[in-house]
Amino acid sequence: MKNEQFDEEIQDYLSLYKVDLPDEDEMERSIAAIMSSVPKKKSSLLVWQNGARSLLQNSIRELMHFGALFWVINVLFLILGAITLIDRSADPYLTAFILAPLPFITGTYEIFKSRDEGLVELEMSLKYNTHQVFLSRLVAVGVMNFVLNAALCTLFASFYPQMLVVKLLLCWTIPYVFVTGIAFLFAMNVRSSIASGTLAAVWFAFCFGFLQGEEFQRMVMQMDIVTAIAILLIGVMLWAIGVQRMKKITIGRENYEA
Amino acid sequence: MKLKLENVSKVFGDKKAVDNVTTELTSGVYGFLGANGSGKTTLMRMLAAVSMPTSGVISLNGEDISDMGARYRDVLGYLPQHIGFYKSFSVEKFLQYIASLKGLEKREAKERIAELLEMVNLSESKKVKMGKLSGGMKQRVGIAQALLNDPKVLIVDEPTAGLDPKERIRFRNLLAEIASDRIVLLSTHIVSDIEYIAKEILIMKDGRLIQKDTPQNLMKHIASNVWSVDASDAEIPSYQASYKVGNITRRAEGIDLRIISEKKPAPQAVNVPVNLEDLYLYYFDEEVGA
Ligand SMILES: Nc1ncnc2c1ncn2[C@@H]1O[C@H](COP(=O)(O)OP(=O)(O)OP(=O)(O)O)[C@@H](O)[C@H]1O
Ligand SMILES: [Mg+2]
């Protein structure tokens, strides 16, 4: 009984007060303010999974949209590699070394083509924007390169059972990681149509000199594992720098304002 | 739905391209007028989240669009003023590609693309390579891609540039049709593009938003400033030197000048009904020293 009375009293008392309802703007502003401190619903694992899935999907899509030239050249490299198998006098280690960064070098054209064709402006407004597009093309080219090299190495290893697998691996991972790292940084700053050509020319010139200079060749081919790993690490570092700079270009946006 | 700009500015070096713009857009078509270099593109790029304001906030329904990120881009359709295309892609392939970047499912995209190609009258050319299209056709592909994801916010920067009159009318009708439940912001130099479909017209000058009102109100605002003057050939240069002269019409009995002026330019001048061309002249034609 007493409680009800009390309630009523309070009700009467409260009705004396007029409560100002905030207007719509004020409500929106408070909601916006609160929003930023609301914990994100998704767990980080889920975010990571979703990110990985969309990166994979995007990479596959980008790969399917690469120009015919990319495929033709890469199949050509594979065939070239296979031919050296028939010519027993060729050094498979050298072949692996020379061919290793080529798919990536041809791929630089594809990675940055939206920049050179004037599509970045539009891309940046899409759900999967320039940053994701560049990243997925990078993954597409990188994985393509990896698959081609792996195929070639498997081929070699099965033809020459006496081959040293570790040496073979080093012979292509070094150019694959180190040279592509340089190529990546270079292509980021140059029109891609020029970049691919220049890089290919430089690499071939280097390889030609490499084949001539016996001393240098021996030095590289008989590199000890510590030096190899050091070079690999530098390559990885170049990549890290490249990806970081790419982020700046595509997320920092302003670089593209012309 | 509400797109809100609060004190939005964009500075390039020491140039204020957009100067402290505050306004609000809700569903409907907004026509965006301004002379070359007045800051239309700069503002639209910020609204498309392609560029960040130097200062100020743009929010959709109360949430900062730069915090929304992909969620904002998901409801956005944008046609840049200058847009490139992959030349080796066919029209259809290009649209499919953009659709996938917009996160559309394959089947959904296919239907939508067929529908849009019909809308922009390009069904017949869907297999043609982008590199082989005419300028106006490319522009129509650009319009189609902006609409792929059925955007809630549509930002089109001079979408009618390069379109022939028939296609312009088609585009105008298309916009009028879809604008009922979305925000459409369209910049143009051709006032007839927006004369009948714009809910409001925004006028930019030197980076500032100097007017935002319905076409009727804006025209009413300058109603007493539009004159028709009978003149002879010989008098034309002197009128042009001291007034903003619009249309010059030759008649059997002489020449009729349309003049924009706060004060009566000649004794025989009479006030005539205002149209949007006059509005444009009123705000933007500065060469003459009226
Ligand atoms: N990236 C940039 N760097 C420096 N200045 C810029 C940049 N972008 C635009 N501007 C300047 O900002 C001003 C506004 O340009 P904006 O392109 O927004 O004009 P606009 O109204 O779209 O013109 P138009 O009708 O010619 O398309 C111009 O003076 C232009 O020179
Ligand atoms: Mg512009």
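Residue numbering restarts at 1 for every chain, and letters A, B, ... go by the order of the sequence lines.
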Open item on the list: For the CD1 atom of A/I60 and the OG atom of B/S100, what is their distance to the nearest 0.5 Å?
Closed with: 12.0 Å

Task: Side-chain heavy-atom pair B/I83, A/L119 within 4.5 angstrom cut-off - done: no

Open item on the list: How long is the straight-line distance from NE2 of B/H82 back to CD of A/E121, given to the nearest 0.5 Å?
Closed with: 9.5 Å

Open item on the list: Is the shortest side-chain heavy-atom distance between A/H65 and B/F89 below 4.5 Å?
Closed with: yes

Task: Heavy atoms of other groups near A/F206 CZ, more than 12 under 6.0 Å - done: yes

Open item on the list: Is it the case that over 12 heavy atoms from other parts of the model lie below 6.0 angstrom from the CD atom of B/E105?
Closed with: no

Task: Charged tip of B/K102 within 45° of A/Y128 ring normal and under 6.0 Å - done: no

TODO: Starting at CZ of A/R61, measure out to NZ of B/K106 and round the result to the nearest 0.5 Å.
DONE: 10.0 Å

TODO: Check whether A/Q57 gets within reach of chain B through its side chain, its backbone, both or neither, counting any heavy atom under 4.5 Å.
DONE: neither

Open item on the list: For A/F97, I'd like to know if atom CZ has over 12 heavy atoms of other residues, nucleotides or ligands within 6.0 Å.
Closed with: yes

Task: Interface moiety of A/S114 toward chain B, non-hydrogen atoms closer than 4.5 Å - done: both

Task: Beyond-backbone contact of A/K127 with B/L104, side-chain heavy atoms, under 4.5 angstrom - done: no

- [ ] Calculate, to the nearest 0.5 Å, the distance between atoms NZ and CE belonging to B/K93 and A/M64 respectively.
- [x] 9.5 Å

Open item on the list: Show the nearest heavy-atom pair for residues B/F85 and A/E117, with the distance to one decimal.
Closed with: O-OE1, 3.5 Å

Task: Minimal non-hydrogen separation, B/Y78 against A/L122, with atom names - done: O-CD1, 3.5 Å

Open item on the list: Given heavy-atom pairs under 4.5 angstrom as the criterion, report whether the side chain, backbone, both or neither of B/S88 touches chain A.
Closed with: neither

- [ ] Kindly check if the number of other-residue, nucleotide or ligand heavy atoms within 6.0 Å of NZ (B/K138) is above 12?
- [x] yes

TODO: Look at B/G69, B/P80, B/A70 and state which one has the largest set of heavy-atom pairs under 4.5 Å with chain A.
DONE: B/P80

Task: Which atom of A/S125 lies closest to which atom of B/A48, heavy atoms considered - done: CB-O, 4.1 Å

Open item on the list: Rounded to the nearest 0.5 Å, what separates atom CZ in B/R73 from atom CD in A/E123?
Closed with: 11.0 Å

